[in-house]
Each structure stands twice: as structure tokens, then as C-alpha cells.
S.K.: 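Please read through the structure below; I'll follow up with questions.
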Amino acid sequence: MNRPFDTPDPAGTHRPVRTTTVRGHGVDLAVYEWGRRGDEPLVLVHGLSDTHRVWTDVAVLLADGFRVITYDVRGHGRSSRPDEPHGYRLDLLAEDFFALVDAVSPHRPVHVCGHGWGAVQIWEAVCDARANTRIASFTAIAGPNLDHVGITLRELIRDPGYAAQLLTDRKFWRHSANSAQIAAQRIAFPPRVRTWVIEQLGGIARVHATTAPTWRTDLATGARIACVNLAHHLLRPRQRRTAVPVQLVVDTTDVFVPPFLYYGSARWVDRLWRNSIPADHWLPVTEPLLVAEAIANFVEDLLDADVPYPGADAADR
């Protein structure tokens, strides 16, 4: 079902070329696409309180070589909202993702990149057996696997000496000499707040972060997702493995997702790459070119190496 696309881009240069609705797991998902249908499919998943808009600049940059697909996660933007809090569990968010993939690319596995809690929910999907034939690669930006974090925290609690050693190591947290100042700035003035303040003062923001009309309900939905899942997975972690190639894009100065949260994933991921950069937590908005290059280079390297995705033989039959 096609629908108008509300965007602050008056020239339409950032508009998606296709907009549809896909039935997820009990919800309707608003889906937006850039690029040609025959190109390598790439799904971009946003985090808490965001919408597909956070990926607009990245999608435009990648549209020449990829079929870029974004969607509003359940409860955000134009996607429908579950009535009950348990409707925001990670397993249901993963079901939405697989329903989307089956609808838009039924015969071809997709590459996927998630930011923040978008990455957290895709970790749930890549550790599912279906990922072996439906996901070709996964790039996680500022979003760890909560089960891996929970297991790591348990191990630190059991070994207080090791925990104390790590906690006193500045590199365990971040590498910036003025990290306290950076932390205050990032918490007080995220991109959308900075954009709003500058525009209210009559200026032009260096980085334009659009605010969706649904921002109030998006904030409420984000809080629900965090409340339903965070403590549950950290306190009752599962051993979650994946054979899908995974790239971690780690901001070494991220005050929201410190680098140590990724430490536990190496043992559970068969093929893991780590790309560490001193940048902003909101990379898709503040550094879209960097994000686009990280995704494109990772996919290109996998294709050049002719690395088969897990279960490729079974999918071809």
C-alpha cells in the first residue's frame, strides 16, 4: 500500500522511491526503500525513540549499489503499536524483522545494519536458526548483544579481582582525554536537540537531525522496549551463538554504550570484525558517510572473498 511520505526535504532528493506496508508479527510495519530492486538487499534498523528517518542520509549514499530497505520498528513512526507491554519483547521484534525480510526479499538473504537498540534487536535475529539462510551479514553500531553482556557481567561478579582491574583501566571505558566534557555535551544536546535549538535561534545546524511528528509516542515506545527487555536479558542471559558474519562499529568514546559491553561477543560469534572509531553515538545522523563506507566495505570484502552465508547450500536447493 503506497502512502505519502512526509519529509523536510523540499527538493525530494532524499525521498524513498518506494513506500509500502508489511504485516509483521501482529503489527503493520511502515517500510521505505531506496535503490533498485535487483541490487544487493540491505535492511537498516533504527533504535529507541527514532524512526526510519535516522537512516535517510545513509540510505541515499548507499542507494547506488544497494536496495536499501528501512522500516519503522513496531510502536514507532507509522507502524502500529501493540496494546500490551509484553508486545515489545526482543523475540517479537525479531519476528517482525523476519516477516519483513520474507516479504521484501523472499529468495535472497539480506545484509542488515542496526543502530542502538536496532542493533540489539537484530542480535536476537542473527542468533536465531533462520538467520543461517536469511541474513548474509550484520553490522552493529552502538548496540551490543544483551545476553552476551549479561554473561560477561556474571563472570566479572564471580571474579572481583579481575573486575577491579578492568574498572580502573581507563581504556576499559573510553579513550578520550576529555571524556567527561564529551559525555555532558552528548547527553544534554543530542543531534535532534541541537538542531531544534539552532533553528529556533535562526541558524542552520551543521548536522540536520529531523524530528518525526510521532516523537512523543516514539519516546514512550522506546521506554517500554528498554523496560521490558533490559533487566530480563541481563539478569537471565542465554548462550546465543551465530555463524552470520558480524561487524562491530564501536565508538570508543560512547557514553551510552561503553566499549567493554562488546567484550563477551567474540566467543559466541564465529566470524567477527571490530571497527573502532572515536566518533558520536548517533553515527547515522552525524557521520552518514562513515557509516555508509563501513557497511559497503564490509559487504564488498565478504563478496570479494566469496564467503558463503551460513546455510547457503540449503537455500539454493
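For the numbers below, each heavy atom of this structure counts, side chains included, while hydrogens, waters and symmetry mates do not. Counting begins at 1 with the first residue of the sequence.
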S.K.: Is Val27 reachable from Leu92 through a run of I, L, V, M, F, W or Y residues, each pair having side-chain heavy atoms under 4.5 Å apart?
M.R.: no
S.K.: For the pair Val250 and Asn275, evaluate side chain to side chain contact (heavy atoms under 4.5 Å, CB included) and give the outcome as yes or no after the intermediate values.
M.R.: CA-CA 6 Å; Val250 181; Asn275 187 359; over 6 Å; no
S.K.: If I compare all heavy atoms of Ala125 with all of Ala131, which pair ends up nearest, and what's the gap?
M.R.: O-CB, 3.5 Å
S.K.: If only atom types and distance count, is the side chain of Ser105 paired as donor or acceptor with the main-chain N or O of Val110 below 3.5 Å?
M.R.: no
S.K.: How far does CD1 of Ile122 sit from CG of Leu90, to the nearest 0.5 angstrom?
M.R.: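 If we round to the nearest 0.5 Å, Ile122:CD1 and Leu90:CG are 10.0 Å apart.
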S.K.: For residues Pro109 and Ala136, report the shortest heavy-atom separation together with the two atoms involved.
M.R.: CB-N, 4.0 Å
S.K.: Is the backbone of Asp72 close enough, under 3.5 Å, to the side chain of Ser79 for a donor and an acceptor to pair up by distance?
M.R.: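 Confirmed, Ser79 side chain pairs with Asp72 backbone.
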S.K.: Considering non-hydrogen atoms only, spot the tightest contact between Pro82 and Gly87 and give its length.
M.R.: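 Closest heavy-atom pair between Pro82 and Gly87: CG-O, 3.6 Å.
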S.K.: Could you measure the distance from the NE2 atom of His76 to the OG atom of Ser49? Nearest 0.5 Å is fine.
M.R.: 6.0 Å
S.K.: Would a 4.5 Å heavy-atom cut-off, applied to side chains only, mark Asp91 and Glu124 as touching?
M.R.: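 Yes, their side chains come closer than 4.5 Å.
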S.K.: Going by heavy atoms in the side chains, are Asp147 and Gln239 under 4.5 Å from each other?
M.R.: no
S.K.: Between Leu230 and Leu146, does the side chain to side chain contact (heavy atoms under 4.5 Å, CB included) criterion hold? Intermediate values first, please.
M.R.: CA-CA 7 Å; Leu230 190 59; Leu146 294 185; 4.0 Å; yes
S.K.: Is any side-chain heavy atom of Val45 closer than 4.5 Å to one of Gln121?
M.R.: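 With C-beta onward as the side chain, the pair touches.
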S.K.: Could you check whether any side-chain heavy atom of Leu156 comes within less than 4.5 Å of a side-chain heavy atom of Arg158, counting everything from C-beta outward?
M.R.: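 No, too far: nothing below the 4.5 Å cut-off.
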S.K.: Would you say that Leu290 contacts Ile277 through its side chain, given a criterion of any heavy-atom pair below 4.5 Å between the two side chains?
M.R.: yes
S.K.: Is it the case that one hydrophobic cluster holds both Val112 and Trp268, taking links as side-chain heavy atoms less than 4.5 Å apart, direct or via other members?
M.R.: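 No, Val112 and Trp268 fall in different hydrophobic clusters.
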S.K.: Is a donor on one side and an acceptor on the other found under 3.5 Å between the side chain of Asp128 and the backbone of Ala94?
M.R.: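 Looks like no, no N/O pair under 3.5 Å.
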S.K.: Measure up the His52 and Tyr32 rings against each other and bin them: parallel (under 30°), tilted (30 to 60°), perpendicular (over 60°).
M.R.: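 It falls in the parallel class, under 30°.
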S.K.: Would you please test Glu33 and Val104 for side chain to side chain contact (heavy atoms under 4.5 Å, CB included) and show each step?
M.R.: CA-CA 10 Å; Glu33 293 189 36; Val104 301; 4.3 Å; yes
S.K.: According to a hydrophobic-cluster definition based on side-chain heavy atoms being under 4.5 Å apart (Ile, Leu, Val, Met, Phe, Trp, Tyr only), do Trp282 and Leu61 belong together?
M.R.: no
S.K.: Any sub-3.5 Å donor-acceptor pair from Arg81's side-chain atoms to Gly75's backbone N or O?
M.R.: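 Yes, because the side chain of Arg81 sits within donor-acceptor range (under 3.5 Å) of the backbone of Gly75.
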S.K.: Got a second to check how far Trp34's CH2 is from Asp39's CG, nearest 0.5 Å?
M.R.: 15.0 Å
S.K.: Output, in order, the C-alpha distance, side-chain angles, deciding distance and verdict of side chain to side chain contact (heavy atoms under 4.5 Å, CB included) for Tyr71 and Ile69.
M.R.: CA-CA 7 Å; Tyr71 66 101; Ile69 304 148; 5.6 Å; no
S.K.: Once you round to the nearest 0.5 Å, how far does CG of Leu29 lie from OG1 of Thr20?
M.R.: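 So the gap between those two atoms works out to 9.5 Å.
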S.K.: Is the side chain of Trp55 donor-acceptor paired with the backbone N or O of Val68 at a distance under 3.5 Å, no angle test?
M.R.: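 It does not hold such a pair.
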S.K.: Is there side-chain contact between Leu93 and Arg89, with at least one heavy-atom pair below 4.5 Å?
M.R.: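 Answer no - side chains too far apart.
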S.K.: Test ring pair (Phe, Tyr, Trp, His ring centres under 6.0 Å) on His148 and Trp123 and set out the steps.
M.R.: CA-CA 10 Å; His148 296 171; Trp123 273 112; 5.6 Å; yes
S.K.: Could you tell me whether the side chain of Arg74 and the main chain of Gly26 form a donor-acceptor pair under 3.5 Å?
M.R.: no
S.K.: I'd like to know if the side chain of His46 reaches the main chain of Asp50, judged simply by a donor and an acceptor atom lying under 3.5 Å from each other, with no hydrogens or angles considered.
M.R.: yes
S.K.: Decide side-chain hydrogen bond (donor to acceptor under 3.5 Å, both in side chains) for Arg274 and Ser276; before the verdict, give the C-alpha distance in whole Å, the side-chain angles of both, and the deciding distance to 0.1 Å.
M.R.: CA-CA 6 Å; Arg274 180 180 173 121; Ser276 297; 3.2 Å; yes
S.K.: Could you tell me whether the side chain of Val31 reaches within less than 4.5 Å of the side chain of Thr21, counting heavy atoms only?
M.R.: no
S.K.: Check for me whether Arg224 meets the cation-pi criterion with Tyr88, that is, NZ or CZ under 6.0 Å from the six-membered ring centre and within 45 degrees of the ring axis.
M.R.: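 Ring-cation test returns no.
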S.K.: Check Ala266 against Leu272 and note the closest heavy-atom contact, atom names and distance.
M.R.: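 Heavy atoms only, the tightest pair is CA-CD2, 3.7 Å.
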S.K.: Check whether any side-chain heavy atom of Pro288 sits under 4.5 Å from a side-chain heavy atom of Val291, and report yes or no.
M.R.: no
S.K.: Is there a path of hydrophobic side-chain contacts, each under 4.5 Å between heavy atoms, that joins Ile151 and Val126?
M.R.: no
S.K.: Look up atom CD1 in Ile225 and atom CG in Leu48, then write down how far apart they are to the nearest 0.5 Å.
M.R.: 5.5 Å
S.K.: Check the side chains of Thr214 and Arg216 for a donor-acceptor pair under 3.5 angstrom, ignoring hydrogens and angles.
M.R.: no
S.K.: Looking only at atom types and distance, does a side-chain atom of Arg108 sit under 3.5 Å from a main-chain N or O of Gly38, one as donor and one as acceptor?
M.R.: yes
S.K.: Less than 3.5 Å apart, any donor N or O on the side chain of Ser137 or His111 sitting next to an acceptor on the other?
M.R.: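 Judged by distance alone, the side chains do pair up.
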S.K.: Give me the atom names and distance for the closest heavy-atom approach of Pro237 to Gly150.
M.R.: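 Closest approach of Pro237 to Gly150: CG-C, 3.8 Å.
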S.K.: Under a single-linkage definition using a 4.5 Å side-chain heavy-atom cutoff for Ile, Leu, Val, Met, Phe, Trp and Tyr, are Leu303 and Leu62 assigned to the same hydrophobic cluster?
M.R.: yes
S.K.: If every non-hydrogen atom of Cys113 is compared with every non-hydrogen atom of Ile141, which pair is closest and at what distance?
M.R.: SG-CD1, 3.6 Å
S.K.: Closer than 3.5 angstrom, by distance alone: can the side chain of Arg154 be matched with the main-chain N or O of Leu235 as a donor-acceptor pair?
M.R.: yes
S.K.: Short question: side chain of Arg18, backbone of Gly35 - any donor-acceptor pair under 3.5 Å?
M.R.: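 Between the backbone of Gly35 and the side chain of Arg18 there is a qualifying donor-acceptor contact (under 3.5 Å).
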S.K.: Would you compute the distance between atom CG of Asn145 and atom SG of Cys127 and round it to the nearest 0.5 angstrom?
M.R.: 5.0 Å
